[in-house]
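Encoded as structure tokens, the structure appears first; notes follow it.
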2 protein chains.
Amino acid sequence: MTAATPKGERRRQALVEAAAALLVDGGFDAIRHRAVAERAGLPLASTTYYFDSLDELVTAALEFHGNAELAYGKARLDELDPRECGGDAFIELVLDLLLGPPGDGDAEAVLLRYERLVATGRRPYLRPLMRRMSGELHSLLFDIFTRAGQPVSRERVEELIALVDGAVVNALIEISPDPRAAARRMLRKAMQPR
Amino acid sequence: MTAATPKGERRRQALVEAAAALLVDGGFDAIRHRAVAERAGLPLASTTYYFDSLDELVTAALEFHGNAELAYGKARLDELDPRECGGDAFIELVLDLLLGPPGDGDAEAVLLRYERLVATGRRPYLRPLMRRMSGELHSLLFDIFTRAGQPVSRERVEELIALVDGAVVNALIEISPDPRAAARRMLRKAMQPR
DNA sequence: CCCTATCTGGTACGTCCGTACCATTAATTT
DNA sequence: AAATTAATGGTACGGACGTACCAGATAGGG
């Protein structure tokens, strides 16, 4: 169900944002009617009024969060100074796009991106959305490589993404996971000139 | 709690196997007291009698399934004929170790391995176990490369594993996912002589 | 103004869950 | 055989969940 009134639209949006916040904090399973309503400061019934099912709410939350991530990526592309992308800085840029900007809750934040990919395996209804967002991310990386004076094939982009993703997933089982460091190591090795 | 009687031990084992089967079918969330009991043909209370908590049951199931996978890998290593591991056959062997033998429920089966990795991110109590199993798998692959006359560094093994894992996770969002094919493509490219 | 469509929010139903309880039975030890 | 320990299985409790319901409030168009 969609809102028909400006106020209704604002309410609906508040629910989506609350759901996205829960998604970041606790993964897909954290998105529940009651939790979303409480986080948005709205009554329980508002969640069923604006969303026909929980899946719809989950989809909206994922889309919201994905768009935010893509917007961040595009901003980074726009402000990219081709003279300043020597090796290490460029690698950090790529990591920022794939893992999000570095921070305290690093492992926690990174986890979500990969939880999303895997969770999609058991939630087919998310596939179209995930495909779209994944495609845009690939294009974004392609553009960034090109702009940085390191043109690559689309195939190569996929290869590098796979390398980073694999490094991250395998780093998650460490005692104190540092997926970003693992990804950095792999990326550095793969990108060093031969 | 552990069993003290042979019959009790058998019952406990039946529960572990039922839980492992559920794990394969439906992921971690599918392991619930009632489901395990029903699958094992035992009463609900038997699950709480032999396992102090659900986490303990989950851990036992993961360990059981992991050991089975490792045993499969070791068997493949033992029967390996160094004369028969030309390019493609060898690649399939590596894929078998990392994704399990190919089959109908391919995508479904593959999903579990990656769900495990990611789920470990939110279940710290699984980390020691996962680390052990992951380490053994790495060693196994290292041995196989060596035995096959393609010696590699441990670092290179990690790199190839990451590549496969990344390819798989990214393949999961396709309309009809074929993670094995995606992994094969990446692996082939990475291993072709330069 | 009123009427109608939209929205609000409290409440309740049915289900599933983890876990606990406990009287009974089986097995083992003394 | 008696006593002690282990195992069994039916049942119940309290909580969380998705979802439905509905009386009341609100707001825009006639």
Side-chain angles (χ1 to χ4, degrees), chain A residues 1-63 115 119 122-126, chain B residues 1-23 25-64 115 119 122-126:
Chain A
M1 170 108 70
T2 73
T5 250
K7 182 182 165 196
E9 192 49 57
R10 256 180 284 125
R11 259 172 108 100
R12 198 189 133 98
Q13 191 58 22
L15 290 172
V16 173
E17 287 172 30
L22 286 168
L23 180 63
V24 174
D25 282 6
F28 284 96
D29 293 346
I31 303 184
R32 284 161 312 203
H33 286 117
R34 286 168 179 81
V36 171
E38 192 175 353
R39 184 132 186 171
L42 293 175
L44 167 62
S46 64
T47 59
T48 60
Y49 182 76
Y50 288 109
F51 301 89
D52 286 334
S53 75
L54 200 58
D55 289 353
E56 210 176 279
L57 191 45
V58 169
T59 307
L62 178 58
E63 182 159 26
E115 206 169 25
R122 298 219 188 260
R123 295 172 213 239
Y125 67 90
L126 291 178
Chain B
M1 169 107 72
T2 73
T5 242
K7 180 183 165 196
E9 191 50 56
R10 256 179 284 126
R11 257 170 108 100
R12 198 189 134 98
Q13 191 59 22
L15 290 171
V16 172
E17 287 170 32
L22 286 167
L23 180 63
D25 281 7
F28 283 96
D29 293 346
I31 303 185
R32 285 160 313 201
H33 286 117
R34 286 169 179 80
V36 172
E38 192 175 353
R39 184 132 185 171
L42 293 174
L44 167 61
S46 63
T47 59
T48 59
Y49 182 76
Y50 288 109
F51 301 90
D52 286 335
S53 76
L54 200 61
D55 289 353
E56 211 177 278
L57 191 44
V58 169
T59 307
L62 178 57
E63 183 160 25
F64 180 83
E115 205 170 26
R122 299 219 187 258
R123 294 171 215 236
Y125 67 89
L126 290 179

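Per chain, numbering begins at 1; letters A, B, ... match sequence-line order.
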Could you give the side-chain donor-acceptor pairs of residues 14-21 of chain B under 3.5 Å, partners two or more places apart or in another chain?
none

Side-chain donor/acceptor pairs under 3.5 Å, residues 28-36 of chain A, sequence neighbours excluded:
residue : atom : partner : partner atom : Å
D29(A)  : OD1  : R123(A) : NH2          : 3.4

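Taking both residues in full, the closest heavy atoms of E56(A) and F51(A) are given as OE2-CA, 3.6 Å, listed atom of the first, atom of the second, then distance.
DNA chain C is contacted by R11(A) of residues 10-23 of chain A, taking any non-hydrogen atom closer than 4.0 Å. Within residues 26-48 of chain A, the residues that have a heavy atom under 4.0 Å from DNA chain C are, in order of number, R34(A), P43(A), L44(A), A45(A).
Rounded to whole angstrom, the span from the CG atom of D52(B) across to the C1' atom of dT19(C) amounts to 12 Å.
The side-chain hydrogen bond (donor to acceptor under 3.5 Å, both in side chains) contacts involving residues 43-52 of chain B comprise nothing, where partners must be two or more places apart or lie in separate chains.
Residues meeting the side-chain contact (heavy atoms from CB on, under 4.5 Å) test with D25(A), sequence neighbours left out: R39(A). Annotation: side-chain contact (heavy atoms from CB on, under 4.5 Å) contacts of E38(B) (sequence neighbours excluded): none. Scanning for side-chain contact (heavy atoms from CB on, under 4.5 Å) contacts around T5(A) gives K7(A), with sequence neighbours left out. Checked against salt bridge (Lys or Arg N to Asp or Glu O under 4.0 Å), R11(A) has no partners two or more places apart in sequence or in another chain.
Atoms CG and CG, from L57(B) and L62(B) in turn, are 11.5 Å apart once rounded to the nearest 0.5 Å.
Stem list for DNA chain D (at least 3 consecutive Watson-Crick or G-U pairs, distances under 3.5 Å): C:4-30 with D:1-27.
If you check every strand for non-hydrogen atoms under 4.0 Å, F51(A) touches nothing.
In the 5' to 3' direction, nucleotides of DNA chain D lying under 4.0 Å from heavy atoms of chain A begin and end at dC17(D) to dT19(D).
A 4.5 Å side-chain heavy-atom check between L23(B) and F64(B) finds every atom pair outside the cut-off.
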